[in-house]
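Atom set for the values below is all heavy atoms of this structure, side chains included, hydrogens, waters and symmetry mates excluded.
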2 protein chains.
Amino acid sequence: MANAIRALTMDAVQAANSGHPGAPMGMAECAVALWGGMLQHNPADPKWSNRDRFVLSNGHGSMLIYSLLHLTGYPLSIDDLKGFRQLHSKTPGHPEVDITPGVETTTGPLGQGIANAVGMALAEKLLAQEFNRGNQAIVDHHTYVFLGDGCMMEGVSHEACALAGAWKLNKLICVYDDNGISIDGQVAPWYIDDVNQRFAAYGWNVIGPVDGHDVAAMQAALAQAQASTEKPTLIRAKTVIGQGSPNRAGTAKAHGEALGAEEIKLTREQLGWTHEPFVIPASVYADWDAKKAGAKAQEKWQKLFDAYAKKHPELAAAYQRRMAGELPETYAKLVADLLADTDAKAETVATRKASQQALEAFTAALPELLGGSADLTGSNLTNTKSTPALRFDGAAPNGGRHINYGVREFGMAAIMNGVALHGGYIPYGGTFLTFSDYSRNAIRMAALMKRRVVHVFTHDSIGLGEDGPTHQSIEHAASLRLIPNLDVWRPADTAETAMAWAAAIARQDGPAALLLSRQNLPYAPKADLSVIARGAYVLAEPKEVGLRKKAQAVIVATGSEVQWALHAQQQLATEGIAVRVVSMPSTSVFDRQDAKYKAAVLPKGLPRVAIEAGVTEGWWKYGVDAVIGLDRYGESAPGGVLFKHFGFTAENVAATVKAVLKQKR
Amino acid sequence: MANAIRALTMDAVQAANSGHPGAPMGMAECAVALWGGMLQHNPADPKWSNRDRFVLSNGHGSMLIYSLLHLTGYPLSIDDLKGFRQLHSKTPGHPEVDITPGVETTTGPLGQGIANAVGMALAEKLLAQEFNRGNQAIVDHHTYVFLGDGCMMEGVSHEACALAGAWKLNKLICVYDDNGISIDGQVAPWYIDDVNQRFAAYGWNVIGPVDGHDVAAMQAALAQAQASTEKPTLIRAKTVIGQGSPNRAGTAKAHGEALGAEEIKLTREQLGWTHEPFVIPASVYADWDAKKAGAKAQEKWQKLFDAYAKKHPELAAAYQRRMAGELPETYAKLVADLLADTDAKAETVATRKASQQALEAFTAALPELLGGSADLTGSNLTNTKSTPALRFDGAAPNGGRHINYGVREFGMAAIMNGVALHGGYIPYGGTFLTFSDYSRNAIRMAALMKRRVVHVFTHDSIGLGEDGPTHQSIEHAASLRLIPNLDVWRPADTAETAMAWAAAIARQDGPAALLLSRQNLPYAPKADLSVIARGAYVLAEPKEVGLRKKAQAVIVATGSEVQWALHAQQQLATEGIAVRVVSMPSTSVFDRQDAKYKAAVLPKGLPRVAIEAGVTEGWWKYGVDAVIGLDRYGESAPGGVLFKHFGFTAENVAATVKAVLKQKR
């Protein structure tokens, strides 16, 4: 069974002349131990909600999971394997969720797979606590992870695993491919962690070292891990990278390139594997086949669920709705009411506070919202009355819905991705906008994976004041807008903030980032609230400031700078200059609007001035004539002082508009 | 002495009504233990090369270091302290290097200070090995760090501390402010790390828990740490956050806000501190004064150095040159020769290979170049014949100059910042461009701190091929260009790569990022090599493809896409359409050129088309009429297939130019 994995791996990597044979060949017996009967899954229904989750954190070993999915009976054919790493195949270079049935998360960027898995195990534990009743455990599965030295070295593994220990995620079981080799060679000179000690320090159950090529020993270790009631488990599997290859095994050379025809021949000989490339004997297929057992397992669960649904119809419906990622039918009304309320109140508050107000409404109505903050709860204002702090002091979680992630931005983001991938919750989490840098690749991964994760980034721009340039985001709004499929919102007031939240929660195919102010922002009255959802809209025409003529120019602004645009409009009006103010809370969303709407907001030929307290670079695509921005780092001083110091004033906006108009004349 | 810190902290935070009193008040006795005689420093010469380095990794506690610098006699007056967190004061919200004398690194983004310190301790160890002779230890100092729970939780602390253990940095001494409180409250629910066990797992010497309010106990612990010959030391100091404040001590409330007038009064009473705000009695000043001892210490070292210089004049001169960050006089010729050589050879190689070729020349001539890679040495090609792998197996480092950082991108970047801050080396390090995401905030910190660090980011764009979208940088070139004061280079061939290196090494006030191809790129003949240094230049005029007329349009390209621009120029020439090709390896550098040069490269009125295999957003600022780019994620397939698939072809460039010309007509 293990050699079937080795053969498929060698052959596919050789056919592509590209790929990583070392890990699949080294972990083949570990895979047999787990996938050869222990894993609870049904190849015919890769989306079965109570399946065990399996994460290949060392994603470069993708041929391992492709082999397993093929061999156990998933809809992944031998031709799919032959298409390894080719355009639009179901077997891309690294495993990608939604591309290959049975792949739970996209891995490759090291350390994030294990962090995703922590999120999945967390979601399982919380759903179990929320939905299971009596002995009807409709949520009851494990999360398994394979990970390598690379994941261990990455800092995000520290963050996520420390949390897994604190959260007592006993159903998280990790197999560490302890082969002592990374790309640069034998790891000893740069990696001497005593992994047992390290994970014990996190409150984990550590098993091993175990011989990773001994299937029975690995099965025993996995069984022992399943018995853990309070701690996640790390099984340290001693393996040989590229096991089976006479000349490459145990060397870095096995890691990331095809073995070559000659070495493959020798490996086949050593393994006694006599079959042609991509040919697996029927008996081996039969040994691997998990379809029957999988169907039976799911059938059993379905019976349990049907009985549960009879007894708890509302809970069952809620579970199904949430696992499908659907919102309740009342959602549209909830949003409309909330928006109308913000408009009626017209409050002057910080948008981080506006966010909390919106969250009060959303978290009260949507039990799937699972909040958190990277140790900035009181600053990010991500907590609400409906989301008490989640605690794991007792035998079961306390039912809380706000997570103190600690000072672990990257871990938080990658864990949130795992929660979203598992399903059942919509995760959101906060930190300061500047520290989106720490979690940036996990934000990207959510966007790439098209998962609904909401990032609450408060203390945007120099507006945060005294904390100074280390904390003042300058390039971050522009930089986040560059990430494909990430919706970035920088709202200007309570209504825009509410709409940003409404859109982020409703979005089913990608993450959102909400960039929020530390400081108070005035409410800007609006003729039409629904139009905020289009990402940009005409906030104030010249008539709003008493001018009858058409606009001669457009000022585009976002977030805290919208107020200066409006003041400038007034100032200019006193000189008879008519301008339109466009508020653009989300460039990402506006860019998706049809050409007609875009032209209506930004009419052709009208001079345009943009203002945003950040780098100017992103604005030129809107054909602006001038940008009032900040292409340098900020300073430590009160926020109000800084805005003036750097020219974010109505006077400067007005002067810039006049200069542009003069130049155009 | 400790209460003087507490008083100054309370008063300054209160005056600013902003800041973090908790850590300075909690660590006051730790500070007395270290700064009250043990630290080797001279307030009159904060730049003395052999001073002990002190890093406040929990940078929010900035009033701790400001108090210490003021009290021990640095040029930081009581008025400077009164200006805490005010515009252009010498006491910004977080400590900033070059703003405040005696501040060694800018801290605030948690976890990075300790990583910087690892870099400093590494630099010390390597310089000692390189320069010390016999009993003349001209390099011989400690690196001390204060850090808190936040730094401990951050993943980058895992990466950096694991390396410090592997590197046996015995002169790195860290005091962990173990107060059990972070912003969200008592950390137990989200932070249960057994820190002793964790650091033992890294190969550290761990002392404590020690009573952090017992000066003698702390002094004993520090002395014990100084005796360590093979291991870095962590002293776990049990402290009470906000110690001295009767109602705030031991609570999260002490962390990040002013105590308020009433509580300050009560604290003064509890401490028995009867002095007015910002008043320190002369006797306390006298106890703290380190000027005399500092002058003596430096004098002693100077004598040692003078004797050393007599015996080893060349070594002494090299040490002084390198600590001053100056390049040898031969540098200009080295660069000119290298460039001429690349031009003469006109090789078709990947720019990552071109980078290695350039590095061969630079590392042979410049012993201060200290290379490395985050476990991708053979891919990044950051190693050269002059830079064997650095090893710490024996009693001293082996004299190697290429560091295997392991899979630790963020740690590597933050450690490199520390090396650059220490002085004596110019650090460079490699990873894949996409994983610049992991290290992004450390790159930013180098730019903010104006330090010379070179990032080698290979496998740029979809050109890397089969590894797929997780590894293909799409938004990264554009995104790095947004970081103020970071020079980004994306060279097209060997000459541009050599110039990028030449500029990065010569640059004394900021970092550079070199974005390099995995795949081969043809050499583009150049009329003038020196002009590459201006960031963008006219690579080929119509006459180069046999047309006598003036250009009707400009194609701007970078890196691997320059070849398509040149091919398109040829294709268009066959139709009689004359275009100029501009190669723009560095937008950052080009943007700094004078208006005249810019206009000469991109003449007004000429239609412009840009081509770059990445997001299009950054190009509009150059007034382009069209951009051929990629505003979505890539795919897993061979690189050549992807370029065609996504329209990066000469045909598409030519067609786009024609469409733009037609539209403009």
Side-chain angles (χ1 to χ4, degrees), chain A residues 18 85-87 92-94 108-110 150 153-156 158-159 162 166 182-184 189-194 197-198 200-201 203 375-377 391 404 406-408 410 437-438 440-441 448 466-471 475 478-479 482-484 615 617-618 620-621 632-633 635-637 641, chain B residues 18 85-87 92-94 108-110 150 153-156 158-159 162 166 182-184 189-194 197-198 200-201 203 375-377 391 404 406-408 410 437-438 440-441 448 466-471 475 478-479 482-484 615 617-618 620-621 632-633 635-637 641:
Chain A
S18 166
R85 294 186 154 232
Q86 304 311 306
L87 189 61
H94 290 81
L110 293 175
M153 291 185 234
E154 290 286 4
V156 66
H158 164 64
E159 300 181 11
S182 67
I183 293 179
D184 277 3
W190 57 87
Y191 174 56
I192 60 162
D193 295 11
D194 180 327
Q197 216 171 5
R198 175 182 163 203
D375 201 45
L376 289 167
T377 300
R391 292 290 180 260
N404 301 98
V407 191
R408 303 178 179 103
F410 194 8
D437 280 355
Y438 278 51
R440 186 171 174 90
N441 199 264
L448 175 60
E466 293 91 340
D467 272 346
T470 55
H471 284 53
E475 72 277 22
S479 170
L482 298 177
I483 297 179
V615 293
E617 197 144 320
W620 301 102
K621 72 170 173 175
R632 49 153 291 177
Y633 294 105
E635 299 272 357
S636 171
V641 173
Chain B
S18 165
R85 297 189 152 228
Q86 304 309 307
L87 190 60
H94 289 82
L110 294 175
M153 291 185 233
E154 289 287 3
V156 67
H158 164 64
E159 300 182 10
S182 65
I183 295 179
D184 277 5
W190 56 87
Y191 174 55
I192 60 161
D193 294 12
D194 181 325
Q197 214 172 5
R198 176 184 162 202
D375 202 44
L376 290 168
T377 299
R391 292 289 178 264
N404 301 98
V407 190
R408 303 177 179 104
F410 194 8
D437 280 355
Y438 278 51
R440 187 172 174 88
N441 200 264
L448 175 60
E466 293 91 340
D467 272 346
T470 55
H471 284 52
E475 72 278 22
S479 169
L482 298 177
I483 297 179
V615 293
E617 197 143 317
W620 301 103
K621 73 170 171 175
R632 48 154 290 176
Y633 294 105
E635 299 272 356
S636 171
V641 172

Identify which of [options] forms the greatest number of heavy-atom pairs closer than 4.5 Å to chain B.
options	result
A:V156, A:D194, A:N404, A:V615	A:N404
A:G468, A:S182, A:G108	A:S182
A:E635, A:E617, A:Q86, A:R632	A:E617

Contact origin within [X] toward chain A - heavy atom pairs under 4.5 Å:
X	result
B:E154	both
B:R198	both
B:S18	side chain
B:F410	side chain

Rounded to the nearest 0.5 Å, what separates atom CG in B:D184 from atom CG in A:L376?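 Rounded to the nearest 0.5 Å, the CG-CG separation comes to 7.0 Å.
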Rounded to the nearest 0.5 Å, what's the gap from NE2 on B:H94 to CD on A:E466? Could you check? 11.5 Å
Please check: side-chain N/O of A:D467 versus main-chain N/O of B:G93, any donor-acceptor pairing under 3.5 Å?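 Pair absent, no side-chain N/O of A:D467 close to backbone of B:G93.
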If only atom types and distance count, is the side chain of B:E159 paired as donor or acceptor with the main-chain N or O of A:G155 below 3.5 Å? yes
Show the numbers, then the answer: is there a side-chain contact (heavy atoms from CB on, under 4.5 Å) between A:R440 and B:N441? CA-CA 9 Å; A:R440 186 171 174 90; B:N441 200 264; over 6 Å; no
Checking A:D375 against B:W190 for the side-chain contact (heavy atoms from CB on, under 4.5 Å) test, could you report, in this order, the C-alpha distance in whole Å, the side-chain angles of both residues, the deciding distance, and whether it holds? CA-CA 9 Å; A:D375 201 45; B:W190 56 87; 4.0 Å; yes
[options]: which one forms the most heavy-atom pairs within less than 4.5 Å of chain A?
options	result
B:P92, B:P109, B:A162, B:A478	B:P109
B:P469, B:G203, B:G618, B:A200	B:P469
B:S479, B:A637, B:S636	B:S636

Run B:L110 and B:M153 through side-chain contact (heavy atoms from CB on, under 4.5 Å) and show every step you take. CA-CA 9 Å; B:L110 294 175; B:M153 291 185 233; over 6 Å; no
